[in-house]
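Below you'll find the structure, written out as structure tokens, and then a few comments.
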Amino acid sequence: MIIASIVACAGSAAMLVAAVLFTAQPASVARAQSQSNSAAPMAARIYGLIPDLEAYIRNGMKAYDVPGVAVGIVTGDRLVYAKGFGVRRKSSGAPVDPRTVFQIGSLTKGFLAGTMAIMVDRGKLNWDDRVVDLHPGFQLKDAWVTREFRAFDLVAQRSGLPPQVNHLLGLSGYSESALIRSLRHVEPVSSFRTTFAYTNMTHLLAGRIVSDLAGAPDWNAVARRELLDPLGMTETSFTAEAITAAANHAEGYRWTPVGTIEVPFEPLFPYGFGAAGNLNSTVEDLARWVRLQLGHGSFEGRRIVSAESLAYLRRPKVAVDDDTAYAMGWYLTRTPNGTFIWHYGATNGFGAFFGLLPERDVGVIVLSNAANMGLPDAVGTWALDRLLDNPAVDYVADALKGAKDHFATLDKLFARPASRRPFPALTPLAGSSFTSPAFGKAVLRPDGDALVLELKETGAELALTPWDGEVFTFRLLPRGRFAPVVASIGERPSGFAQFEVGQDGKLGVLRLTADDGQAWEFRRE
């Protein structure tokens, strides 16, 4: 019923729904005293849960072939449980512990939203400021949406753009400015503010705006100054070089149905996506972030962000399904006995989960060194369910089945037809120059039995392999600086490429369609 209300009216009704979900935000002394009185019973519940939790973690790690996991639980303004499981790297056997550094992916979005809230507290930003006023170069394909896009829309996942919009451009090495600029060429797939669609590119722009407002060189500097340093998160960083340099860091692993495969750290994903997902951190550091969240913006007696601004970030903005909404950098999930505030993190080699029960004064952190195909989320959700006395659900089994089904679907998608049409002659296509509004100029050249499309702006090369008639598959080639990217994502095709006949009867258009459905056109010059 609550989520249905969000769907029915996305404006002031969403604020009303937020009041229902989060009545009595703990802001008074009496509420703080109540939390203090409840800390001991919650700590006792956590300690009682540990044997079952640890068994669930170990069984899940075995089922997924995840090398290492670190878990932390906070209550009573303390990290009351923190433990590492497994190893940082299969070949070394060095154990994971609560200070092991992992990529945390999209848990970064909560930090981005937090820096926006601080800018609001400082009077430098209003939530309903127009983005075009904050960043005049911002443009979407729809002129009305461009004018109406507000600061809160940047992190609310309801832009009307395709899910994971232009992710391929990020993997192909385009700059932050180019990625932001590329949004103006994207066809919307839904009406503005009506449909949940998870994107990263709008967060790049939000980070740029925050850094401009703060007079900082980039968002990383703002996050360091306003959040990480005040919280004492000394082991949290922003780059591939930083995590590699940390003595106690985990190596990442790509997940497949037959086992996990070690992958290299590379600068393009997640680090090239900036404030959408570039943080590395530990359980001990993230416990401080939990304490700030449960302390409603205060940490060890210091006010870092106002309780009002923090509460605003938790107001639902768009429905995800019947029980879950997205707010600003956070998901909200209604359960039989309470509402979770949470987010997941997913990179090519790491997975993370961060969940809060503010009314119960408890937060859960799960970090893993394998791509997030559901294990961290399953463990975190299972623990929160148990602390709420919700019905038991084996989330690991459900998520693992979904991961295997996803891989099987992709295998079926890219399987070549038993009866294939003949390929067009490749020689006439070689040497052709193409241009795309999003990718810019590209040149096509032969490469054995296939073609290669070189993107001139970044040097990335896409292999076009014959599949059926004029339809090819495409994938990023592991050459130069893109070799680590391909190693981390695997060499499965990323989608299909199709040459289309123009009005002059010649093959004049090359259309790329990713496996998630987003498409781009290249026109022959």
Side-chain angles (χ1 to χ4, degrees), residues 3-4 6-11 14 106 109 130-132 135 137-172 174 178-206 269 273 276-277 316-322 324-331 343-344 346 402 406 409-410 413-414 436-440 462 471 473-474 493-498 500 509-523:
I3 303 300
I6 302 171
V7 178
C9 188
S106 286
K109 290 179 170 67
R130 297 176 190 271
V131 173
V132 288
H135 187 81
F138 171 70
Q139 183 181 335
L140 298 177
K141 197 154 191 179
D142 186 300
W144 181 86
V145 175
T146 300
R147 290 192 304 270
E148 290 302 312
F149 217 90
R150 309 298 175 118
F152 52 68
D153 292 312
L154 290 167
V155 290
Q157 306 292 24
R158 55 181 190 176
S159 63
L161 296 169
Q164 300 292 353
V165 60
N166 283 354
H167 186 78
L168 179 62
L169 275 75
L171 295 183
S172 300
Y174 287 81
L179 293 173
I180 294 170
R181 188 170 59 248
S182 73
L183 296 178
R184 66 187 59 186
H185 305 297
V186 179
E187 290 286 351
V189 294
S190 69
S191 298
F192 182 41
R193 295 183 183 149
T194 64
T195 305
F196 173 78
Y198 194 90
T199 67
N200 287 311
M201 298 310 169
T202 55
H203 296 71
L204 270 179
L205 177 53
F269 186 77
F273 288 72
K317 291 291 188 289
V318 63
V320 178
D321 57 33
D322 288 346
T324 298
Y326 200 86
M328 297 173 65
W330 300 104
Y331 288 91
H343 214 287
Y344 67 90
H406 174 70
T409 298
L410 290 178
L413 176 67
F414 292 114
S436 159
F439 289 89
L462 303 179
V471 180
T473 60
F474 76 86
S494 296
F496 293 99
Q498 184 169 10
E500 299 177 1
V509 175
L510 171 60
R511 184 176 179 84
L512 301 185
T513 304
D515 57 21
D516 62 6
Q518 191 179 1
W520 304 268
E521 274 194 0
F522 291 78
R523 293 195 171 271

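If you read the sequence from its start, that first residue is 1, and numbering goes on from there.
Ring geometry, F439 versus W520: the interplanar angle exceeds 60°, so the pair is classed perpendicular (tilted spans 30 to 60°).
Atom CG of residue D142 and atom CZ of residue R147 lie 8.0 Å apart, to the nearest 0.5 angstrom. Taking OH of Y331 as the start and OG of S106 as the end, the distance is 8.0 Å to the nearest 0.5 Å. Atom CD of Q157 sits about 6.0 Å away from atom OG1 of T202, to the nearest 0.5 Å. Atom CZ of F152 is separated from atom CZ of R193 by 4.5 Å, given to the nearest 0.5 angstrom. Distance CG/D153 to CG/L205: 11.5 Å, rounded to 0.5 Å. Rounded to the nearest 0.5 Å, atoms CZ (F496) and CG (D515) are 9.0 Å apart.
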Problem set entry | Steps toward side-chain contact (heavy atoms from CB on, under 4.5 Å) verdict (V186, Q518) | CA-CA 9 Å; V186 179; Q518 191 179 1; 4.2 Å; yes
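Judged as a side chain to side chain contact (heavy atoms under 4.5 Å, CB included), and not counting sequence neighbours, the contacts of E521 are V509, R511, R523.
Pairing each heavy atom of T146 with each of F138, the nearest pair is CG2-O, 3.7 Å. Residues P162 and T199 share a closest heavy-atom pair of O-CG2, 3.5 Å. The two residues N166 and S182 have their closest heavy-atom pair at ND2-OG, 2.8 Å.
For an aromatic pair to be called close, the ring centres must be under 6.0 Å apart, and H167 with F269 satisfies this. Aromatic ring centres of H203 and Y198: separated by at least 6.0 Å.
Looking at F474 and L510, their side chains never come closer than 4.5 Å, going by heavy atoms from C-beta outward. You'll find the side chain of N200 reaches within 4.5 Å of the side chain of Q164, heavy atoms only.
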